Structure formats: structure tokens, C-alpha cells
There are 2 protein chains.
Amino acid sequence: MAQSDTVKRILDTAEVLFAEKGFAETSLRNITTRAKVNLAAVNYHFGSKKALIQAVFARYLDPFSERLNRALDELESRYSPTPIPLEVLLEQLASSVLEVPAERNSLKVFMKLLGLAYTQAQGHMRRYIQVHYGETFQRFVDCVRLATPDLPDVERFWRLHFMLGTVVFTLSGLDALRDIADNEYHEHTSVRDLIRRLRPVVAAGMQAPLPELPTEAARPAV
Amino acid sequence: MAQSDTVKRILDTAEVLFAEKGFAETSLRNITTRAKVNLAAVNYHFGSKKALIQAVFARYLDPFSERLNRALDELESRYSPTPIPLEVLLEQLASSVLEVPAERNSLKVFMKLLGLAYTQAQGHMRRYIQVHYGETFQRFVDCVRLATPDLPDVERFWRLHFMLGTVVFTLSGLDALRDIADNEYHEHTSVRDLIRRLRPVVAAGMQAPLPELPTEAARPAV
DNA sequence: TCGAATGGAAAACGGCTGTTTAAAACGCCA
DNA sequence: TGGCGTTTTAAACAGCCGTTTTCCATTCGA
């Protein structure tokens, strides 16, 4: 056989621990012990801890970007030559995100990892993601541009990142927020429920009125 | 004199390094060397690394929550007995956030720290913040409730966190995003500019239409 | 049956971590 | 001036880190 299930065991354990405690706070000994695998196996199969982290991401992002690309193919040919409506695009993005980890029941892990990628590791993960998946992201952005022709390019750029922040921040801090919400409102909150609540907020944010022009008078204060 | 500037030197250096690299990735030797202070000074003055981290947060959050409380006092007495309008509340929150680090020109650090508090340190920082500043936050939430009487409580809870995510995520990842934006649109983005863009998006998100009711039929799929 | 290749196991490597100790230096008041 | 808290200093502590090396077990094709 080409390779045992050691690689899979390491990845399965690593993604959970990374999501729980972060990259720096999770040691290789921590991972290999829980995975019931020898310490040296990580460096043998992946080369280094950094490469392991990237492998964890790739296992989610490769199928995700592939799915999203295929979905955009399908939508473009269905709507062509008219642009894909914004709601459809957002809806498709959501379901592409949902489908991938559904196979492993680990949406929470996926979202936590995304959140960590943006805040930890001095951005070396951010760079990796941008290099490997920037093309797909750019394609999605281009579709959104066609769907929102009245939005200036800069404004759309920032709003997309605002919305990315809304989703990633919420879903990556889900456990903590859910604790508070459940205690306060005695109502269990599922991920599907949260996405249902996110949908109108994100759509409204993207289509909000343009900001007022910057006033020169307010500048010298700070 | 009560105590030298060693404490201040440590805090000034620590907050910058924490914001740049995270808590776990920043060592005490790293801090004390750059601050030109003896290694043992941290444990002498603060007790532990954890306590140092909390002190860094307190130096921002104490004046912030005090300012916000005073501002809410003022607004309540000005508008009473009618509720404070939502736009005014959001505006006040923004300027309270802006005022505090303006004294030290470190809004970026402040935001990065907030972002880290939510994603790192296994939430022990999140707990600290909730214990020490939860009361102020709750007061603000109560004001928002008066301003948005038609919003169900659960919905308002989540939307506030959505908006918190938007702002914290954007401003804490500011440097990275700014790099992309500046390269792509050749237009420098200041923090004030970003807040100008955030305002209508946040307002629209809070006032978005209510989500459709959950459909039982859509559940078995995932 | 031999030899090579592959994967796993145990041990050790140097280096960095947060924390503690004990002694020295300092400023202040009597 | 002498003594006394307070602060700073240098050194050492035990422990964990990622990585490397060495050796053993297994498998496969010639």
C-alpha cells in the first residue's frame, strides 16, 4: 500500500487541536500523542510543522475552491449573458462553504481555521491562501462586480471583506457566542440557524447606501 | 517616586509585539530585550505573562469603558424620555473607540488586540473581558434595545455580534487588507476612511429585514 | 533468498520557554 | 550616616519545543 492511515490520523487530530487552541499553542507531541502516532511521523510525512498546517488547510480549501469553480461555471452558463444576481452568488458561496466540511461534520473546525489564518501566524498562512486560492477568489469577485455595477470598485472590495469578517468572526467564535446566547435566551442555536440569520444582514450590508464623501474639515483632529 | 518607567516601557513594548505576532509567539525575553529592561522585571511587576497580557488590555479598556459610560449618561439625559436613536449610538461607540488610542496613536494595536482576544488564548482573555467590562457592554445593548424595539431579542444579540465581527475583523487585519487595496486601487486607505465606509454597512446590517422562518423541509439534507 | 525501499519507534539534539532565586544597587527617611 | 524598603540585576531552574538521527520491522521485486 502507498501509505498507511497515519497521515489521515495526523490530519484529523491536528485540525481539531489547531481549531481549539491555535497553531503555536498546539505542539507536535500534543498531536501525535492523541493521534496515537509516533512523534517523528509528522516530520517524516509532512516535512515540518508549517507544512502540516498548510496540509490541514489544503484538505478543506482544495475541494472548496473546486466546488465553487464548478458552481460558477454552471451559474454563468445558466444566466449568460445577463449577470448572476447577487443573492444567487451569496447563496452559492454559502452552500459551497457548507458542503465541504459536511462530509466530515466539521464546519466549526473549518471556520475556526479560517479565522486563525487571518489573525495568527504573522500572515504566512494568509499568503499561502492568497497564492493558492486567490484566482478562485478573484473570479468570485468579478462575478460580484457584474452583479453590482453601481458599486465603485474600491467600495465593493471593502464591503466584501466586511462581510467576510462578519461570517468568519461569527462562525469561528461560535462556541463562545453560543454559550452566551443559549444561557441568555434558552434557545439552541444551530449553524444552519445562524446562516439563516446571516443571509439578510450580509445582503443588506452589500447593498447599503454609499458612504458620504469624506469631509476635509474633520481631518486634523486625529 | 512610586515606580519607575519600567512598567510603562514593558507595556508599550508588549502591546506592539503582541499585536504583531500574537501572545504565544511573543516571548518575555523578546519583550524585555526590546524594552531594554531586565527579564525578571515582568514577573516582578506583573506576576506572570498572563497578568501582563491582561494589563495590556486593561490599559485600553479601562478608559474606553469609562468614556463610553459617561457618553451614555450624557446621551440618555439629553434624549430622555425618548430612546437614543440607533445611528447616534453607533456613532458614539465609534468615537469612543477612536478617542482612547488616539492619545497614543495606536488604534491599529487596539483593534489587533481585540481580534486576538477573540481567537487566541483559548478564550481566557474573552472571559477576562466579559467579567471586567460585561456590565458596560450590557448597558450599551440595553440602549440598542430601546432604539430597535421591533427587533426580537435573539436577533438583536446576533446582529450586534455580526457587526462586532465586521469591525474587529476589518480593523485587526487592516495592514494586510490595506496592502492589497493599495496595490489594486492605488488609493491610500486611512482608518478614518475605513470607518466612513463601515458606517452605512453596519447601519444597514442592523436594520436588515428579518430572516425568513426556518423551514423544516430543508433540514435532512445536511 | 537476497537486497532495497518504505514506514514506524525510540532516543537524543540544541534551543527557547516562563519562572524563581539570591545578591546587588538604588532612593529615602530617620 | 546608617538602615530599610523597593527595584534591578545576573544566573540558574526545570520543562517543553521542533527537528534529526539511528535502528528495527515489514514488504516487495528480482
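Just so it is clear, the structure is predicted and the values come from calculations on it, not from any experiment. Every chain is numbered from 1, with letters handed out A, B, ... down the list of sequences.
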> Step by step, would you call A:T166 with B:F169 a side-chain contact (heavy atoms from CB on, under 4.5 Å)?
Replying inline: CA-CA 8 Å; A:T166 306; B:F169 182 90; over 6 Å; no
> Who passes ring pair (Phe, Tyr, Trp, His ring centres under 6.0 Å) against B:Y185, sequence neighbours left out?
Replying inline: A:F157
>> So which atom in B:F57 and which in B:L113 form the shortest heavy-atom distance, rounded to 0.1 Å?
In response: CZ-O, 3.3 Å
Donor-acceptor pairs are to be reported for all side-chain atoms of residues 9-18 of chain B against protein atoms at under 3.5 Å, with residues two or more places apart or in another chain.
residue: B:R9; atom: NE; partner: B:A35; partner atom: O; Å: 3.0
residue: B:R9; atom: NH2; partner: B:A35; partner atom: O; Å: 2.9
residue: B:R9; atom: NH2; partner: B:K36; partner atom: O; Å: 3.0
residue: B:D12; atom: OD1; partner: B:R59; partner atom: NH1; Å: 3.1
residue: B:D12; atom: OD1; partner: B:R59; partner atom: NH2; Å: 2.9
residue: B:D12; atom: OD2; partner: B:K8; partner atom: NZ; Å: 2.7
residue: B:T13; atom: OG1; partner: B:R9; partner atom: O; Å: 2.8
residue: B:E15; atom: OE1; partner: B:R59; partner atom: NH2; Å: 3.3
residue: B:E15; atom: OE1; partner: B:Y60; partner atom: OH; Å: 3.2
residue: B:E15; atom: OE1; partner: B:R104; partner atom: NH1; Å: 3.1
residue: B:E15; atom: OE2; partner: B:Y60; partner atom: OH; Å: 3.1
residue: B:E15; atom: OE2; partner: B:R104; partner atom: NH1; Å: 3.1

>> Testing the basics here: between A:N43 and A:S48, what is the closest heavy-atom pair and its distance to 0.1 Å?
In response: OD1-CA, 3.7 Å
> Quick one: salt bridge (Lys or Arg N to Asp or Glu O under 4.0 Å) partners of A:D142, sequence neighbours excluded?
Replying inline: A:R145
> Applying the side-chain contact (heavy atoms from CB on, under 4.5 Å) test to A:T32, which of A:T6, A:L39, A:N38 qualifies?
Replying inline: A:L39
> Does a salt bridge link B:E74 with B:R70, judged by any charged N lying under 4.0 Å from a carboxylate O?
Replying inline: no
> Once you round it to whole Å, what is the distance between C1' of C:dT19 and CD1 of B:I31?
Replying inline: 14 Å
>> Can you measure B:Y44 atom OH to C:dA22 atom C1' for me and round it to whole angstrom units?
In response: 14 Å
> By a strict heavy-atom criterion of less than 4.0 Å, which residues belonging to residues 32-41 of chain B are in contact with DNA chain C?
Replying inline: B:L39, B:A40
>> What is the distance, to the nearest angstrom, from the NZ atom on B:K50 to the C1' atom on C:dT17?
In response: 16 Å
> Do any of residues 51-59 of chain B sit with a heavy atom less than 4.0 Å from DNA chain C, and if so which?
Replying inline: none
> Is atom CD of A:Q138 surrounded by more than 12 heavy atoms (other residues, nucleotides or ligands) closer than 6.0 Å?
Replying inline: yes
>> In whole Å, I'd like the distance from the CG atom of B:N43 to the P atom of C:dT17.
In response: 14 Å
>> I want to check one thing: is the phosphate of D:dT6, taken as OP1 and OP2, less than 4.0 Å away from some side-chain N or O of B:H45?
In response: no
Taking only nitrogen or oxygen atoms into account, show me every contact under 3.5 Å that the protein makes with nucleotides 13-17 of chain D, one pair per line with its distance.
residue: D:dC17; atom: OP1; partner: A:S27; partner atom: OG; Å: 2.8

> What integer distance in Å separates A:K8:NZ from C:dG8:C1'?
Replying inline: 19 Å
> If you measure from CG on A:L68 to CZ on A:F137, what distance do you get to the nearest 0.5 Å?
Replying inline: 10.5 Å
> Below 4.0 angstrom from OP1 or OP2 of C:dG7, is there any side-chain N or O of A:T6?
Replying inline: no
>> Check this for me: does any side-chain nitrogen of one of B:R139 and B:D73 sit under 4.0 Å from a carboxylate oxygen of the other?
In response: yes
